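One structure is given here, and the rest of the page talks about it.
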Amino acid sequence: QVHLEQSGAEMRRPGASVRISCRASGYLFTTYKIHWLRQAPGRGFEWLGGINPNYGNSGIAPKFKDRVTMARDMSTTTVFVELRSLRSDDTAVYYCARGGEEFLGHWGQGTRVIVSS
Amino acid sequence: DIVMTQTPLSLSVTPGQPASISCKSSQSLLHTDGKTYLFWYLQKSGQSPQLLLYEISKRFSGVPERFSGSGSGTDFTLRISRVEAEDVGLYFCMHSVQVPPTFGQGTKLEIK
């Protein structure tokens with residue numbers, strides 16, 4: 001069955017960077033985009049962007065264009081998101097989720113990122 | 001960005017009774033391909049969200065028939081025909097008709 005396994009919780013200082021991974025299994029990796037979202041306390045969900053594992057190209061939300069990079073490793077069927085110049089309001093749970101017609105039908109377990117000095 | 005507005009923000013329902021949640025978008029969610037990209041998700045406490053309905057009314061695999069969706073254009077509704085205890089959680093709508101996808105604020109369903 002489809003499974004998305006994310007890396008563990010992270011704590012960073014303001015100004016630092018964080019990289020989160022999402023390993024996909026149970027389906028053909030190149031068939032579906034993987035999207036990244038976050039849920040901040042009291043702020044609901046935000047879409048950061050998505051990556052096409054087949055070509056490695058990504059689309060990033062305008063709000064995050066200057067600070068977010070997405071990548072994939074075909075050998076391990078893993079996608080990555082990096083968020084730079086972290087601020088306290090980047091504190092959130094970050095999720096990966098699979099695209100396709102049943103958009104975001106499968107989610108990772110979430111990765112908590114805390115940004116604090 | 002398209003603004004998604006849900007009402008109510010909280011709902012308390014007796015088991016066995018129906019419930020409905022409204023979601024309104026600031027722009028039409030009808031794509032030029034003829035599909036309407038409106039989705040409903042449920043996030044149970046401490047869990048990742050789970051997809052309930054896609055393209056307004058199509059039930060995702062394993063979703064009980066008591067969940068249904070309707071609407072068009074900018075006005076949409078999620079209905080639960082008979083609420084069960086396991087339905088408690090945060091319900092939210094989302095669109096993907098354009099970039100970026102955006103979400104409603106969420107509706108918290110609790111059991112009376």
Side-chain angles (χ1 to χ4, degrees), chain A residues 1-7 9 20 22-24 26-27 32-52 57-68 70 81 92-112, chain B residues 1-7 9-10 21 23-26 29 31 33-63 67 69 76 89-108:
Chain A
Q1 69 280 23
V2 177
H3 186 67
L4 301 174
E5 184 70 30
Q6 296 183 224
S7 49
I20 305 167
C22 171
R23 182 168 184 174
Y27 69 98
Y32 297 93
K33 289 183 182 178
I34 295 287
H35 297 265
W36 288 95
L37 307 99
R38 72 181 187 183
Q39 184 179 29
R43 291 215 312 273
F45 279 90
E46 287 183 291
W47 178 81
L48 279 69
I51 183 167
N52 183 333
N57 59 309
S58 58
I60 311 295
K63 173 180 178 178
F64 298 105
K65 240 179 171 34
D66 294 335
R67 297 199 296 136
V68 166
M70 295 182 184
V81 64
V93 178
Y94 289 75
Y95 293 96
C96 61
R98 198 181 81 169
E101 180 185 42
E102 299 162 336
F103 192 64
L104 310 184
H106 300 275
W107 294 64
Q109 81 275 24
T111 297
R112 185 174 301 276
Chain B
D1 297 358
I2 295 175
V3 177
M4 306 291 284
T5 303
Q6 287 181 233
T7 53
L9 297 183
S10 65
I21 300 169
C23 175
K24 296 184 189 295
S25 57
S26 60
L29 303 185
H31 195 274
D33 65 5
K35 296 181 180 180
T36 300
Y37 291 97
L38 184 279
F39 304 80
W40 288 98
Y41 300 85
L42 164 61
Q43 185 179 33
K44 297 182 179 181
S45 179
Q47 296 184 16
S48 301
Q50 55 191 83
L51 175 63
L52 296 174
L53 304 172
Y54 61 102
E55 293 176 29
I56 304 176
S57 59
K58 297 178 181 178
R59 273 187 297 275
F60 186 57
S61 175
V63 173
F67 290 93
F76 305 93
L90 185 68
Y91 290 80
F92 54 96
C93 59
M94 189 208 74
H95 83 83
S96 67
V97 71
Q98 66 182 47
V99 172
T102 53
F103 296 80
Q105 321 94 299
T107 297
K108 186 175 181 180

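Excluded from the calculations below are hydrogen atoms, water molecules and symmetry mates; all remaining heavy atoms, backbone and side chain alike, are included. By convention in this document, chain letters (A, B, ...) are assigned in the order of the sequence lines, proteins followed by strands, and residues within each chain are numbered from 1. Everything quoted here is computed from the prediction, not taken from an experiment.
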Run the ring pair (Phe, Tyr, Trp, His ring centres under 6.0 Å) test against B:His31 and tell me which residues pass, sequence neighbours left out. B:Tyr37
Most heavy-atom pairs under 4.5 angstrom with chain B, which of A:Ala61, A:Gly105, A:Gly44? A:Gly105
Within this structure, what is the CE-CZ distance for the pair B:Met94 and A:Phe103, rounded to the nearest 0.5 Å? 4.5 Å
Heavy-atom distance under 4.5 Å to chain B: side chain of A:Leu48, backbone, both or neither? neither
Interface moiety of B:Gln43 toward chain A, non-hydrogen atoms closer than 4.5 Å: side chain
Suppose we screen for side-chain hydrogen bond (donor to acceptor under 3.5 Å, both in side chains). Which residues come up paired with A:His106, at least two apart in sequence or across chains? none
Contact winner vs chain B - A:Glu101, A:His35, A:Gln109, heavy-atom pairs under 4.5 Å: A:Glu101
Considering all heavy atoms of both residues, which atom of A:Trp107 and which atom of B:Ser48 are nearest to each other, and what is their separation? CB-CB, 3.9 Å
Quick check for you: to the nearest 0.5 Å, what is the distance between B:Ser61 atom OG and A:Gln1 atom CD? 12.0 Å
Does CZ in A:Arg43 sit with more than 12 non-hydrogen atoms of other residues, nucleotides or ligands closer than 6.0 Å? yes
According to side-chain contact (heavy atoms from CB on, under 4.5 Å), who are the partners of B:Leu53, at least two apart in sequence or on a separate chain? B:Trp40, B:Arg59, B:Leu78
Please report the C-alpha distance between B:Phe39 and A:Leu104 in whole Å, then the side-chain angles of each, then the deciding distance to 0.1 Å, and finally whether the side-chain contact (heavy atoms from CB on, under 4.5 Å) criterion is met. CA-CA 9 Å; B:Phe39 304 80; A:Leu104 310 184; over 6 Å; no
On a heavy-atom basis, which atom in A:Tyr95 and which in B:Gln47 lie closest, and how many Å separate them? OH-O, 3.9 Å
For residues 97-107 of chain B, give me every residue with a non-hydrogen atom less than 4.5 Å from any non-hydrogen atom of chain A. B:Val99, B:Pro100, B:Pro101, B:Phe103
Does NZ belonging to B:Lys108 count more than 12 external heavy atoms closer than 6.0 Å? no
Assess whether atom OH of B:Tyr54 is packed by more than 12 heavy atoms of other residues, nucleotides or ligands within 6.0 Å. yes
Calculate, to the nearest 0.5 Å, the distance between atoms CG and CZ belonging to B:Leu90 and A:Phe45 respectively. 7.5 Å
